[in-house]
Asks: 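To start, I am sharing the structure in question, which I have written as structure tokens.
We name chains A, B, ... by the order of the sequence lines, and we start the count at 1 in each one.
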Protein chains: 2
Amino acid sequence: MPRSGADLALLLLAGFRSLVDGAMTELAAQGHDDVRPVHDFAMRAIAAGADNASELGRRLSVSKQAAAKTIAVLQDRGYVSRGADPVDARRKRLEVTPLGFEVLRAGEAIFDELRHRWEERIGTAQLEVLEQHLTALLGESPIRLDTPGWLARDLGEPV
Amino acid sequence: MPRSGADLALLLLAGFRSLVDGAMTELAAQGHDDVRPVHDFAMRAIAAGADNASELGRRLSVSKQAAAKTIAVLQDRGYVSRGADPVDARRKRLEVTPLGFEVLRAGEAIFDELRHRWEERIGTAQLEVLEQHLTALLGESPIRLDTPGWLARDLGEPV
DNA sequence: TAGACGTGGACAACCAGGTTGACTATTGTT
DNA sequence: AACAATAGTCAACCTGGTTGTCCACGTCTA
């Protein structure tokens, strides 16, 4: 049964969806029913140093306006806070709140748990091989999160 | 280097994106710069027998209204045609046009070519193993295409 | 030191692809 | 014949993107 290239693509998508859907469900069960993967990614980027909207936009390969919108909801839900930047009055410095970090932590744990289940099903070594191959194929690719809609939108350069 | 579950998810996403971006780019180069993966999926479903809007919506796990919108653009661009259904006057029967089939064919060829390149990089057997594992993990999962936005929207049941 | 230029943020208008809800026309069932 | 279910359409709305415009502030340089 020779697989088609399209099947392969679908398989990868299904894998991603499976993990993410699982994670969202579990996160919701833990009381964080208002977090989306987008938010997780954004918080992670903020925690990693993208502490203002423009920078966040750059990290996520998204316009600063889009980043600002995401920040607005994150702030609204208490996951990040914004304060004046002491050194540059143009900026509003972003910070992940304790609640935000809690979600981040929970998210990580859930993903790790899901991965662990996969390990149990196909074997630790096998899963590692799978990851290695994927990594080899893709490089440590920069995450591009102009995602919602990208399935349907105009193309960017290929990865 | 123990990989995290989140990395795994990102890896799968990156893989999918890589293939799809590549395919869109190539398809655009061949003159079909107005096709999105969504359209491809929809045409495929229509060709496979989902010959009316409601049915298409069901196949794609999407509301019939959403399906109708997709059909509208597909029709507008000449990829599918709609005619009266001789047996049921409520229905408008969908048909993929020759142009639509051409795109479908081209898309398949491109995906196969991309998959082939992956074969060359990690080896035919290795890629097959990867696919087998993924398939084992996911089952021959029904494709759920309520996708644009699902990264950011409310959760459905996990796959 | 003044002005030019660049950058951060905000606002508005727009788009794509989804959603629900309401309504009509037709078909199928009792 | 009456009623229920289904196909399609319209309208209003949501989310997460996009551009473009504008202002306030910082930085660089003539």
Side-chain angles (χ1 to χ4, degrees), chain A residues 17 24 33-42 45-46 49-77 80 82-94 144-156, chain B residues 17 24 33-42 45-46 50-77 80-94 144-156:
Chain A
R17 281 214 60 155
M24 292 221 300
D33 59 342
D34 54 358
V35 202
R36 306 284 167 268
V38 179
H39 303 142
D40 187 273
F41 291 133
I46 293 168
D51 70 343
N52 66 78
S54 296
E55 181 54 28
L56 182 61
R58 283 188 290 266
R59 297 272 184 108
L60 266 33
S61 309
V62 133
S63 66
K64 60 179 177 176
Q65 292 90 332
K69 285 191 193 181
T70 302
I71 291 167
V73 341
L74 249 16
Q75 189 179 8
D76 183 69
R77 295 176 187 174
V80 316
R82 284 197 327 164
D85 186 310
V87 13
D88 186 335
R90 288 171 306 179
R91 295 190 182 150
K92 308 256 174 106
R93 203 180 38 193
L94 301 172
R144 288 184 49 204
L145 256 299
D146 50 341
T147 310
W150 72 264
L151 239 191
R153 254 213 335 288
D154 250 346
L155 31 65
Chain B
R17 283 214 58 157
M24 293 221 302
D33 60 342
D34 54 359
V35 203
R36 306 286 167 265
V38 179
H39 303 141
D40 187 274
F41 290 133
I46 293 167
D51 70 343
N52 66 78
S54 296
E55 180 55 28
L56 182 61
R58 281 190 290 266
R59 297 272 185 107
L60 266 33
S61 309
V62 134
S63 66
K64 61 180 177 177
Q65 293 90 330
K69 284 192 193 179
T70 302
I71 291 167
V73 342
L74 249 18
Q75 189 180 9
D76 184 69
R77 293 174 189 177
V80 315
S81 62
R82 286 200 321 165
D85 185 310
V87 13
D88 185 336
R90 288 170 306 179
R91 295 192 181 149
K92 309 252 174 108
R93 203 179 40 191
L94 302 173
R144 288 185 48 205
L145 256 299
D146 49 342
T147 309
W150 72 266
L151 240 192
R153 256 213 334 287
D154 250 346
L155 30 66

Asks: Could you state the atom-to-atom distance from CD1 of A:Ile71 to C1' of C:dG8 in whole Å?
Replies: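 It is 11 Å, rounded to the nearest whole Å.
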
Asks: Give, for atom NE2 of B:His39 and atom CG of B:Asp34, the distance between the pair rounded to the nearest 0.5 Å.
Replies: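 Reported to 0.5 Å precision, the distance equals 8.0 Å.
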
Asks: OP1, OP2 of D:dT18 versus side-chain N and O of A:Ser63: anything below 4.0 Å?
Replies: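 For A:Ser63, the contact criterion (side-chain N or O under 4.0 Å from OP1 or OP2 of D:dT18) is met.
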
Asks: What is the distance, rounded to the nearest whole Å, between atom CG of A:Leu74 and atom P of D:dT15?
Replies: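 Going from CG in A:Leu74 over to P in D:dT15 covers 14 Å.
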
Asks: Find which nucleotide of DNA chain D each of A:Val87 and A:Ala66 is nearest to by heavy atoms, and output the residue with the more 5' nucleotide.
Replies: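 Whichever sits nearer the 5' end wins; that is A:Ala66.
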
Asks: How many whole angstroms separate atom CG of B:Leu56 from atom C1' of C:dG17?
Replies: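 Atom-to-atom, B:Leu56 to C:dG17, this comes out as 14 Å.
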
Asks: Under 4.5 Å between any side-chain heavy atoms of A:Leu56 and A:Ile71, yes or no?
Replies: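 They are in side-chain contact.
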
Asks: Hey, what do you get for CD (B:Gln65) to OG (B:Ser54), rounding to the nearest 0.5 Å?
Replies: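 Those atoms lie 8.5 Å apart.
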
Asks: List the protein contact pattern of nucleotides 4-11 of chain D with one symbol per nucleotide (5' to 3'): B for base contact, S for sugar-phosphate-only contact, - for none; contact means a heavy-atom distance under 4.0 Å.
Replies: -BBBBBB-

Asks: Rounded to the nearest 0.5 Å, what's the gap from CZ on A:Arg36 to OG1 on A:Thr70? Could you check?
Replies: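 Here the rounded value is 12.5 Å.
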
Asks: Rounded to the nearest angstrom, tell me the gap between atom CG in A:Leu94 and atom P in C:dG8.
Replies: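 These atoms are roughly 12 Å apart.
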
Asks: Taking only N and O in the side chain of B:Thr70, is any of them less than 4.0 Å away from OP1 or OP2 of C:dG18?
Replies: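 Yes, because at least one side-chain N or O of B:Thr70 sits under 4.0 Å from OP1 or OP2 of C:dG18.
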
Asks: Can you measure from CG (B:Asn52) to CZ (B:Arg90) and round to the nearest 0.5 angstrom?
Replies: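 Answer rounded to 0.5 Å: 9.5 Å.
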
Asks: Hey, does B:Pro86 have a side-chain heavy atom less than 4.5 Å from the side chain of B:Arg93?
Replies: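 They are in contact (side-chain heavy atoms under 4.5 Å apart), so the answer is yes.
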
